[in-house]
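Structure record follows, encoded as structure tokens.
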Amino acid sequence: SSKQTSISSFFKKE
Amino acid sequence: MFEARLGQATILKKILDAIKDLLNEATFDCSDSGIQLQAMDNSHVSLVSLTLRSDGFDKFRCDRNLSMGMNLGSMAKILKCANNEDNVTMKAQDNADTVTIMFESANQEKVSDYEMKLMNLDQEHLGIPETDFSCVVRMPAMEFARICRDLAQFSESVVICCTKEGVKFSASGDVGTANIKLAQTGSVDKEEEAVIIEMQEPVTLTFACRYLNAFTKATPLSTQVQLSMCADVPLVVEYAIKDLGHIRYYLAPKIED
């Protein structure tokens, strides 16, 4: 099975 | 003072349709270069980035940078009141807590205006790094919408596998397995019917169907869609908005548990 990752883990907060 | 005018309300309706399933509210950042919107969906799996250039508007004036937080459901109610061919003008004073949206019929005989309350949205702004994508696929937007709709019947996830031969979309579930392969088109009469693949190296990624299907709500904006992929980074699904800008959706991949 696969797990959904979060978009905020790829992009840094500005 | 902020004022932006578009020749046809239909464009704004289509833009709103393309984002309102993912976002309940969003901040429209206005500057003299145009209007920008960046927002994550509620579950923080995808991110919507909209760019409308000032030179794409019939009239555009923005004296001071302005962030307008809008409830998109309210905006949809207002846009429902416009005819597709109406001119649409958005206006706000500096530091205003409302925005006025005005529709004018082509013959100027009907003018309506709607004042909408703005919201203070505390939205995180994310920096999106430049990525050298392994594969960039351009294909007809209608075809992509069809594939996403068809495969969603079979699984919650779709696997996109891109090689130099073509791009394969697969879904596997209780019913069985579905595979849709698209080869790069040789020669086509119409540019909008082309499937074009630029590949540095092959890539296989898994994504949630429901988000891909939400992105395809942008299909009426563009004849072509561009998918940019790289291992272990978000997929970028981009629809150009002719002469005005683009809408980009970023979708976090699913990874093996």
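Residue numbers start from 1 in every chain, and the chains themselves are labelled A, B, ... in the order their sequence lines are given, proteins ahead of strands.
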Open item on the list: Taking 4.5 Å as the heavy-atom cut-off, does anything in residues 159-182 of chain B contact chain A, and if so which residues?
Closed with: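 Listed by number: none.
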Open item on the list: Does anything in residues 30-50 of chain B reach chain A? List residues with heavy atoms under 4.5 Å apart, or say none.
Closed with: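 Those residues of residues 30-50 of chain B which have a heavy atom under 4.5 Å from chain A are B:Met40, B:His44, B:Val45, B:Ser46, B:Leu47.
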Open item on the list: Just checking B:Gln153: does its CD atom have more than 12 heavy atoms from other residues, nucleotides or ligands closer to it than 6.0 angstrom?
Closed with: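 Yes, the 6.0 Å shell around CD holds more than 12 heavy atoms from other groups.
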TODO: Step through the shown structure and confirm whether more than 12 heavy atoms of other residues, nucleotides or ligands are within 6.0 Å of CE on B:Met142.
DONE: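 Counting neighbours around CE of B:Met142, 12 or fewer heavy atoms of other residues, nucleotides or ligands fall under 6.0 Å, so no.
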Open item on the list: Nearest 0.5 angstrom please: B:Tyr211 OH to A:Ile7 CD1, how far?
Closed with: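 B:Tyr211 atom OH to A:Ile7 atom CD1 measures 10.5 Å (nearest 0.5 Å).
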Open item on the list: Nearest 0.5 angstrom please: A:Phe10 CZ to B:Ile128 CD1, how far?
Closed with: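 Going from the CZ atom of A:Phe10 to the CD1 atom of B:Ile128 covers 13.0 Å.
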Open item on the list: Please find the pair of heavy atoms, one from A:Gln4 and one from B:Pro253, that lie closest to each other, and give the distance.
Closed with: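 So the two residues come closest at NE2-O, 3.6 Å.
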Open item on the list: Could you check, using the six-membered ring where one of them is a Trp, whether B:Tyr250 and A:Phe11 have ring centers closer than 6.0 angstrom?
Closed with: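 Aromatic pair counts; centres sit under 6.0 Å.
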Open item on the list: Within the structure provided, determine whether B:Ile255 and A:Ser2 are in side-chain contact (heavy-atom separation under 4.5 Å).
Closed with: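 When only atoms from C-beta onward are counted, A:Ser2 and B:Ile255 do not touch, as no gap falls below 4.5 Å.
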Task: Side chains of A:Lys13 and B:Leu126 in contact at under 4.5 Å (non-hydrogen atoms) - done: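 Of all side-chain heavy-atom pairs linking B:Leu126 with A:Lys13, at least one is under 4.5 Å.
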